[in-house]
Amino acid sequence: MAAEEGKVDPMHQFHIEPLMGSNSWELAGFNIAFTNSAMWMVITTIVLTVFVVGGMKRELVPGRWQMMVETFTGFIDDMLEANIGKAGRKYVPYIFSLFMFILFANLLGLLPLGIIGLHPFTFTSHFTVTGVLAIISFSIVLIVGFWKHGIKFFSLFVPHGTPLPMIPIIFPIELISFLVRPFSLALRLFVAMMAGHVLLKVLSSFVIDGTNAGVEFAALVAVPSFILMVGISALEILVAGIQAYVFALLTSLYINDAEHLH
Amino acid sequence: MPQIAQIMETYSSQIFWLLVTFGFVFFVVGRGMVPRVMETVAQRDDQIAGDLAAAEAARAQADEEEEAWRKRENENRAEAQAVIAKAKADAAAKSEKKLAAAQKRLDTKLAKAEVEIAEARTAALTEVESVAAEAAQDIVQQLAGVKVTAANAKSAVKKAMTNV
């Protein structure tokens, strides 16, 4: 516990702790403790599964829940259709899983469960998690690219109409920009989620400390901070959706590169 | 920053649990459920398209039937009109015929009656003449004591009568 009495440590919310004495769980020599992070992954999985199961009634005239699930599948389907074309259909399961998993993780991490004493944990604010997701997406791009085009996949790094003398310069630049993709994917989500949560925690510490410091501080610091927090919270909900969307959209764009080269 | 401070102790657990949960999401939700949800959507779209096509076809058929009905109706009307016209013409011809026959009968009757009247008149006239002649004979005999022959009397009467 880094937080002292009456003080808010904005980083403490990202602290990973093993639960239920699972600290020593191991698999092939690696620690696989069931942490609070893992618990929220499981919660996200359960909530997402329940959500989609609710849309599986397969009625011809859909209810609200089924309509909602179909809206999401249709949204992903349309996005892939627009970015990749007919070949995009087969990536719907992956992109849907990716988008919904990140979206639900972001939103569940924003729930104000602190009021009832629980600590929501946003595992998408850990680059170990976003990094793995980015590596999976990047691996799919590489596998699809080399599977479909073989060695010709490298022509992705030489844009059409590049003059011959420029190729030695363009090729490394394109290659580097290609190799940076998984990092940018992972860091974007991780940073966006972390920054929002830190900001909320900092503002909440202003509210608490300002209120404790007397009436003047409360009026000058605590109240404006609280109002700002409300706005930032709304913004964070937006960011949760946007980041999930961006992750899925960029992945589908990268897959498009692999499917069709240039 | 716990993300960096704790990375050595937690990376394996983070990756393991992420693979477990995301793997579950991908294989069970993404590959198991999503295709069926989308299948339902496709089914519904098909159904709607089919229903629309059926409605369109039904409308076309209704139009066609209406057209056929209208045609038949027009034919029937024309036929009825023809029947009526024919009946009218027949009736007119018949009544004309009847009228003509009646006229003819009347004409013959009239002619006969005229002939009869003329006969009766001439008969009456001759009778009047003979009576007048006899009367004239008698009158002349009694007044003048002259005996007039019947032929003379007759011609005198005739002469007098033409002046009437």
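Labels below follow one simple rule: chain letters A, B, ... track the order of the sequence lines, proteins then strands, and each chain is numbered from 1. Treat the numbers as computed from the prediction; the structure is a model and nothing was measured.
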Taken in chain and number order and not counting sequence neighbours, the residues that satisfy side chain to side chain contact (heavy atoms under 4.5 Å, CB included) with L143(B) are I139(B)
Under 4.5 Å to a heavy atom of chain A? For L19(B) that would be side chain
Does S13(B) use its side chain to pair, donor to acceptor, with the backbone of A33(A) at less than 3.5 Å?
yes
When the 4.5 angstrom heavy-atom criterion is applied to F101(A) and chain B, the contacting part is side chain
Bottom line for P18(A): the part with an atom under 4.5 Å from chain B's heavy atoms is neither
Chain B shares the most heavy-atom pairs under 4.5 Å, among V52(A), V69(A), I136(A), with V52(A)
Note: vs chain B, highest number of non-hydrogen pairs under 4.5 angstrom among L98(A), T44(A), V198(A) is L98(A)
Kindly list each side-chain donor-acceptor pair under 3.5 angstrom involving residues 23-47 of chain B, sequence neighbours excluded, with atom names and distances?
residue: E39(B); atom: OE2; partner: R58(A); partner atom: NH2; Å: 3.0
residue: T40(B); atom: OG1; partner: R58(A); partner atom: NE; Å: 3.1
residue: T40(B); atom: OG1; partner: R36(B); partner atom: O; Å: 2.8
residue: R44(B); atom: NE; partner: L60(A); partner atom: O; Å: 2.7
residue: R44(B); atom: NH1; partner: E70(A); partner atom: OE1; Å: 2.9
residue: R44(B); atom: NH2; partner: E59(A); partner atom: O; Å: 3.4
residue: R44(B); atom: NH2; partner: E70(A); partner atom: OE1; Å: 3.1
residue: R44(B); atom: NH2; partner: E70(A); partner atom: OE2; Å: 3.0

Between V50(A) and the options V47(A), I46(A), V53(A), the side-chain contact (heavy atoms from CB on, under 4.5 Å) test singles out I46(A)
When the 4.5 angstrom heavy-atom criterion is applied to F190(A) and chain B, the contacting part is side chain
Under 4.5 Å to a heavy atom of chain A? For F16(B) that would be side chain
Check: Can we say E75(B) and K71(B) salt-bridge, meaning some charged N sits less than 4.0 Å from an Asp/Glu carboxylate O?
Finding: no
Under 4.5 Å to a heavy atom of chain B? For M100(A) that would be neither
Bottom line for V92(A): the part with an atom under 4.5 Å from chain B's heavy atoms is side chain
So CH2 of W40(A) and CZ of F123(A): to nearest 0.5 Å the spacing works out to 10.0 Å
From the list T21(B), I48(B), I4(B), the residue making the most non-hydrogen contacts under 4.5 Å with chain A is T21(B)
The interface call for F96(A) against chain B, heavy-atom contacts under 4.5 Å, is side chain
